[in-house]
Amino acid sequence: MSHPLIARRRLLQGSLGVGALAALGLAGCSNEGRGDTGSQAENDAVELPAYIPYEGFVPDLKGENGVSDTVLQYPMNPVAATAGPPGDGADVGVFALTNAPVPPPMSQNVFWQELNDRLGFTLSVALVPSGDFTERFQTTVAGDQLPDLFTYFPGGVPGLPALLRERAADLTDLLSGDAVQDYPFLANIPTESWRAAVYGGRIYGVPIARGAQSSPALYRRDDVLAAQGIDGDVQSWDDLLAIFRELTGGNTWALSNVPMQLIRQAHGIANAWEVGADGGLVSVNEDERQLEALEQGRRLVADGLVHPDTTTSDNQQRQAWVVGGTTMFFEGTFAAWPNLANLPTAGDMRLGVVVPPAIEGGGVADVWLGPPTHNLTGISIDSTDRAAALLDVLNYLAAPFGSAEHIFKNYGLEGVHHNLVDGDPVLTDKGQSETQLGLKYIGEGPWVNYVPGKPDVAQAQFDAQSAVVPTAIPNPASTLFSETQSRKGSQIGSALGSVETDILQGREPVSAWTEAVERWKRDGGDQIRDELSEAYAESEG
């Protein structure tokens, strides 16, 4: 999932399973219970930007019912989608995140220099590693140092609605309804993603849409399974468990991490929150099936089927294990697929995605649908007089797939940062290093499944999503915000996640979950539930 998850992932890096995010109710809260900044009814009354799909891009495979469009080969002869340099000609400062090594500084970065030439001004980017983002963001805000453009996560900052009211430009008049037509590539962003930008009845940012890409996925090494004559498509948990056992031995393990999201989905546990009999929301932490799911996860560890270093490793290391063949399964999100395929050691690796087998047998279970918004880009209140020009810059960065702007933003200069291989832009080592400016977290159009030079991977992505996304279960709180969640959610969620890790590692009995949930409820979980329920009632009412 694939979201305010950046800060929360840091808290849970020691967990055996990224499924803790969903189970703890840490994924997908973005826009309810506004405290002194307005009600959910006021937010719902806001006219969101009109959705005007860009017609100049035709994918090879058209996604429907939430599935992302897919391209097998980059369109030939990309042409400019904009009429000239964006903005007002004045320099622009950006506070953004990165999940990649920090690139060379501007003075030594050919891509950055060329980007500035094309923009017609200097784009100064302060990049923050994702694990440090929340702390650095709060420090920057406290020091009144927010630049013109800044990244933030829905619900991921204490008191976010009040912070935005005081520190961010109100973009409502520039973006609401048909006004967004002045920024056609922002109008190309799906409506649902804009809901995370509304606080106190006003629009305070431009979303980076993800949709299905943030949905959980248990990847498997289909090439390895095929070589061993194993069919990875299973219809029961016992079948999947048998595969895990067959692929474990010596210096190899079946699993990079404990697939708690898949296990919980297999048990029919809802996606973070569910609507109770009284119409209010109920946390899945209280679902009695959590105990059985945790027992299933604990057994995987006890049986030696999970890499023993998983709790002291991050997702990049876990991905490297599965690509290198040390493990055969890795649980992440659909957004991880191109990263896995592009790792230098990937070679001809072929991945598939496990559809959760219903724990009681006799078929498969539905997956959880990820939140529609990954992060947002706000405009500093000190730059309000330039807001229209800065939105033009974001519009430029959100230029559609297949355009000259898009290929340069993602792949740099031909012959320098990428080479065309059968028409596809394949990054060079220089391109891998210099292009990592975090631009995809600043301004970006709708996600497109595409991996340069690997049409089979893009096809596999499309096929896997088509199999599970149309029936994926949404989180009913995914577009709601809780003030208590923003202030206490990470703390109490981390405490609950630590208990989960202890259970999975065998340091605590499964029964410890029940008391941990009671503490979570007392320390803020019940208040979060009440705020979300109130917002849900207003939204549905």
Side-chain angles (χ1 to χ4, degrees), residues 49 52 54-57 74-75 77-96 98 103-127 146-151 168-169 171 173-175 179-189 205-208 376-380 382-418 425 430-431 434-446 448:
I52 308 172
Y54 177 70
E55 301 293 342
F57 165 64
Y74 205 89
N77 304 315
V79 299
T82 57
D88 54 11
D91 293 345
V92 175
V94 180
F95 179 90
T98 180
M106 189 188 305
S107 62
Q108 303 171 31
N109 190 320
V110 175
F111 171 77
W112 200 340
Q113 294 167 14
E114 176 66 18
L115 174 64
N116 288 339
D117 287 345
R118 296 186 179 208
L119 291 173
F121 57 81
T122 297
L123 185 73
S124 299
V125 183
L127 278 176
L146 282 178
D148 302 298
L149 301 173
F150 60 91
T151 294
L171 305 177
D173 292 342
L174 293 170
L175 294 173
V180 78
Q181 292 182 98
D182 290 340
Y183 312 100
F185 307 135
L186 302 186
N188 190 37
I189 297 172
V206 173
I208 303 298
L376 300 107
T377 298
I379 295 176
S380 170
D382 294 335
S383 303
T384 298
D385 59 341
R386 298 181 60 201
L390 293 168
L391 286 174
D392 193 37
V393 173
L394 296 179
N395 183 72
Y396 181 94
L397 294 176
F401 192 100
S403 65
E405 294 87 349
H406 178 274
I407 194 170
F408 173 75
K409 170 188 163 187
N410 289 277
Y411 303 102
L413 294 167
E414 182 182 357
V416 178
H417 301 104
H418 75 265
K430 190 177 185 69
E434 291 193 349
T435 61
Q436 300 300 321
L437 286 179
L439 299 179
K440 64 182 178 181
Y441 301 118
I442 302 170
E444 183 84 342
V448 174

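Values below: every heavy atom of this structure, side chains too, minus hydrogens, waters and symmetry copies.
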Mind checking what makes side-chain hydrogen bond (donor to acceptor under 3.5 Å, both in side chains) contact with [X], not counting sequence neighbours?
X    : answer
E434 : H417, K430
Y411 : none
Y74  : H406
T151 : none

Reference residue L149; test side chain to side chain contact (heavy atoms under 4.5 Å, CB included); the match among L397, L394, V206, L391: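 Going through the options one by one, the only one that passes is L394.
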For [X], what residues pass the salt bridge (Lys or Arg N to Asp or Glu O under 4.0 Å) criterion, not counting sequence neighbours?
X    : result
E414 : none
K440 : none
D173 : R202

With rounding to the nearest 0.5 Å, note down the distance linking [atom1] in [X] to [atom2] in [Y].
X    : Y    : atom1 : atom2 : answer
L127 : L437 : CG    : CG    : 6.0 Å
T435 : F408 : OG1   : CZ    : 9.5 Å
I442 : T377 : CD1   : OG1   : 6.5 Å

Who are the side chain to side chain contact (heavy atoms under 4.5 Å, CB included) partners of [X], not counting sequence neighbours?
X    : answer
P446 : N188, P190
A179 : none
S383 : D148, I379, S380, L390

Heavy-atom closest contact ([X] atom, [Y] atom, distance):
X    : Y    : result
G205 : L171 : N-CD1, 3.8 Å
A388 : L174 : N-CD1, 3.9 Å
A187 : V180 : CB-CG1, 3.7 Å
Y183 : D392 : CE2-N, 3.6 Å
P75  : G402 : CG-CA, 3.9 Å

Suppose the criterion is side-chain hydrogen bond (donor to acceptor under 3.5 Å, both in side chains): which pairs have a residue in residues 108-117, not counting sequence neighbours?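 Checked against side-chain hydrogen bond (donor to acceptor under 3.5 Å, both in side chains) - neighbours excluded - the pairs reaching residues 108-117 are E114-R118.
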Report the C-alpha distance between V94 and F150 in whole Å, list the side-chain angles of each, state the deciding distance to 0.1 Å, and finish with yes or no for side chain to side chain contact (heavy atoms under 4.5 Å, CB included). CA-CA 6 Å; V94 180; F150 60 91; over 6 Å; no
Residues L439, L115; criterion side chain to side chain contact (heavy atoms under 4.5 Å, CB included); working and verdict: CA-CA 11 Å; L439 299 179; L115 174 64; 4.0 Å; yes
Just so I know, are the side chains of P207 and I189 near enough to count as touching, which here means a heavy-atom distance under 4.5 Å?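 Yes, their side chains come closer than 4.5 Å.
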Is the closest side-chain heavy-atom distance between P184 and I52 below 4.5 Å?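 In short, these two side chains do not touch, never coming nearer than 4.5 Å.
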F111 vs V416, side chain to side chain contact (heavy atoms under 4.5 Å, CB included): CA-CA, chis, key distance, verdict: CA-CA 9 Å; F111 171 77; V416 178; over 6 Å; no
What side-chain donor-acceptor pairs closer than 3.5 Å can you find for residues 78-91, not counting sequence neighbours?
from: T82; atom 1: OG1; to: E405; atom 2: OE2; distance (Å): 2.6
from: D88; atom 1: OD1; to: A90; atom 2: N; distance (Å): 3.0
from: D88; atom 1: OD1; to: R386; atom 2: NH2; distance (Å): 3.1
from: D88; atom 1: OD2; to: R386; atom 2: NE; distance (Å): 3.0
from: D91; atom 1: OD1; to: T122; atom 2: N; distance (Å): 3.0

